[in-house]
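One is the number of the first residue; the rest follow in order along the sequence. First listed ligand is number 1; within each ligand, the first listed atom is number 1.
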Amino acid sequence: MAKGRTQFVCQNCGTAHSRWVGKCEGCGEWNTVVEEDPMGGIGSGPGKVPKKGRPVALTALSGEIEEAPRIHTGIAELDRATGGGFVRGSAVLIGGDPGIGKSTLLMQAAAALSRHGHRIIYVSGEEAVAQVRLRAQRLQAHQTDVLLAAETNVEDILATIGEGKRPDLVIIDSIQTLWSDTAEAAPGTVTQVRTGVQAMIRFAKQTGAAMVLVGHVTKEGQIAGPRVVEHMVDAVLYFEGDRGHHYRILRTVKNRFGPTDEIGVFEMSDKGLREVSNPSELFLGERNEKAPGAVVFAGMEGTRPVLVEVQALVAPTSLGTPRRAVVGWDSARLSMILAVLEAHCGVRLGQHDVYLNVAGGYRISEPAADLAVASALVSSLAGLALPADCVYFGEVSLSGAIRPVAHTAQRLKEAEKLGFSQALLPAGSAELPKGTGSRWSEIEGLPDLVARIAGSKSALKREDEDV
Ligand code: TYD
Ligand code: MG
């Protein structure tokens, strides 16, 4: 190799370095930098002469569109998250904490597909055949025609799944166990995982089989190993949940063939995962309606409304610096709401600890929760419980104004369906449903909210100053 030609590329994030370094400057990962020949390109072995390119036919944007051919599992929550089923010839990565239920979900999907006559191959690199059989028995999946292999070598897996009739779906559990003879790195390294995943994706594209890859997630919540894997696959789903709770959420973060904001909700039982078709009922299940600081937020997950309880506890601090603890929401967003309350509503929280929790271990990612959070905070500070039959949603801006959010009608419809007869929402919200018996109150700014909850702004301030 000519001098000056080589570069050192991080296998995790793709950053190129001029010399070898132990820690990548791009992503901070250790031992991910490898020497590469920039002229070689991905997949080209040493000594290959670049072949002369052949021109391909250019075409117009308009024209026939073929629907991606899909395989429906019949598990509605899974089909919803994948955007209507697994796409043939595509690769899906399912990430999640160890023990969250990835293998359980995929075994159930495999069994369901097999019952519909599809050829499914389940390759387990983590568990022995006996263990997988035991799980299958527990899930009532053992009477199906799912084919099973316990193997980790990429070449052997390719030879196995390439033999005989083409499989409709191949499950690789997990990518962290894959290792190839062609990659000169120890099993489990970034290079090995990347090589293995690349080989599996190539198989899917060539044969038209759908490929499902399982990946573990690190403490930071990323799929362990190369982040480039997320770029290589067609869809990335995360299977999340709280160990202390039974329900699990399958969340789409990338999907080349469908929407990326859908979720599938499941409940882990002793017979595997059960679909939860109405998540709001689950999240509101254990509600204490008379507690100050508890507010129901009418949220949206993709096309689906989800009602969830937001709980706040505001208490005088005994520390020099008051504590701010958040579970299930963005802590920067909480700081913003506290600052707006302080600056525009005269609610002083500098001497108070603030704890915010989203019930059931659920995680909210919408700014529309601002109004619900602010209401919970003010309610807890004032020690006044809010009406139990009211839902809240709206985005708070830095000026203290409350801005309308999308899907007003859907949020209100779901709230009515679950027995809520009041709602507090931003002024100027479009698409308000008409002719219903419920009361929708529109609100313009955060000071109005504080006044509404505490009766008057001064009542709140006085309580604050007593401390
Ligand atoms: P598993 O699918 O092995 O998780 P992962 O592949 O993500 O590591 O599921 C592990 C947990 O699920 C384990 O703690 C046991 C529990 N479980 C049930 O509660 N019910 C069941 O029917 C099954 C199969 C597992
Ligand atoms: Mg597993």
Backbone or side-chain N or O of Arg138 under 3.5 Å from ligand 1 N or O: yes
Lys/Arg N to Asp/Glu carboxylate O, Glu230 vs Lys254, below 4.0 Å: no
Is the side chain of Trp20 donor-acceptor paired with the backbone N or O of Phe8 at a distance under 3.5 Å, no angle test? no
Taking all non-hydrogen atoms of both residues into account, name the closest pair between Thr207 and Arg166 and its distance. O-CD, 2.8 Å
Among Val214, Thr104, Leu105, Asp270, closest by any non-hydrogen atom to atom 25 (C) of ligand 1: Thr104
Among all protein heavy atoms, pick the one closest to atom 16 (C) of ligand 1 and tell me residue, atom and distance. Met268 CE, 4.0 Å
Could you tell me whether some N/O pair between His216 and ligand 1 is separated by less than 3.5 angstrom? no
Are Ser114 and Asp145 linked by a side-chain donor-acceptor pair shorter than 3.5 Å? no
Answer with yes or no whether the side chains of Ser277 and Glu77 bring together a donor and an acceptor at under 3.5 Å. no
Could a heavy atom of Gly272 be found less than 4.0 Å from some atom of ligand 1? yes
Taking heavy atoms and a distance under 4.0 Å, where does Lys102 meet ligand 1: side chain, backbone, both or neither? both
Nearest non-hydrogen protein atom, atom 13 (C) of ligand 1: Gly99 O, 4.5 Å
Which residue and non-hydrogen atom of the protein lie closest to atom 4 (O) of ligand 1, and at what distance in Å? Gly101 N, 3.1 Å
Which part of Ser103 is near ligand 1, with near meaning a heavy atom under 4.0 Å away: side chain, backbone, both or neither? both
Take the Mg ion (ligand 2) and tell me which protein N, O or S atoms are nearer than 2.8 Å. Ser103 OG
Show the atoms of ligand 1 that are less than 4.0 angstrom away from any heavy atom in Lys271. 22 (O)
Salt bridge check: are Asp97 and Arg248 linked by an N-O gap of less than 4.0 Å? no
Return yes when at least one protein heavy atom is under 4.0 Å from atom 10 (C) of ligand 1, and no when none is. yes
Val214 backbone acceptor or donor facing Lys102 side chain under 3.5 Å: no
Classify the contact between Leu139 and ligand 1 as side chain, backbone, both or neither, using a heavy-atom distance cut-off of under 4.0 Å. side chain
Would you mind checking if Glu395 and Arg333 are paired as a salt bridge, meaning a charged N to carboxylate O distance below 4.0 Å? yes
Residues forming a salt bridge (charged side-chain N to carboxylate O under 4.0 Å, His left out) with Lys23, sequence neighbours excluded: none
Looking at every non-hydrogen atom in both residues, tell me the closest pair between Val123 and Ile161 and how far apart they are. CG2-CG2, 4.5 Å
Any Ser269 heavy atom less than 4.0 Å to ligand 1: yes
Between Gln108 and Gly272 (side chain of the first, backbone of the second, donor and acceptor by atom type, cut-off under 3.5 Å), is there such a pair? no
When distances are taken from atom 3 (O) of ligand 1, the protein heavy atom at minimum range is Arg135 NH2, 2.9 Å
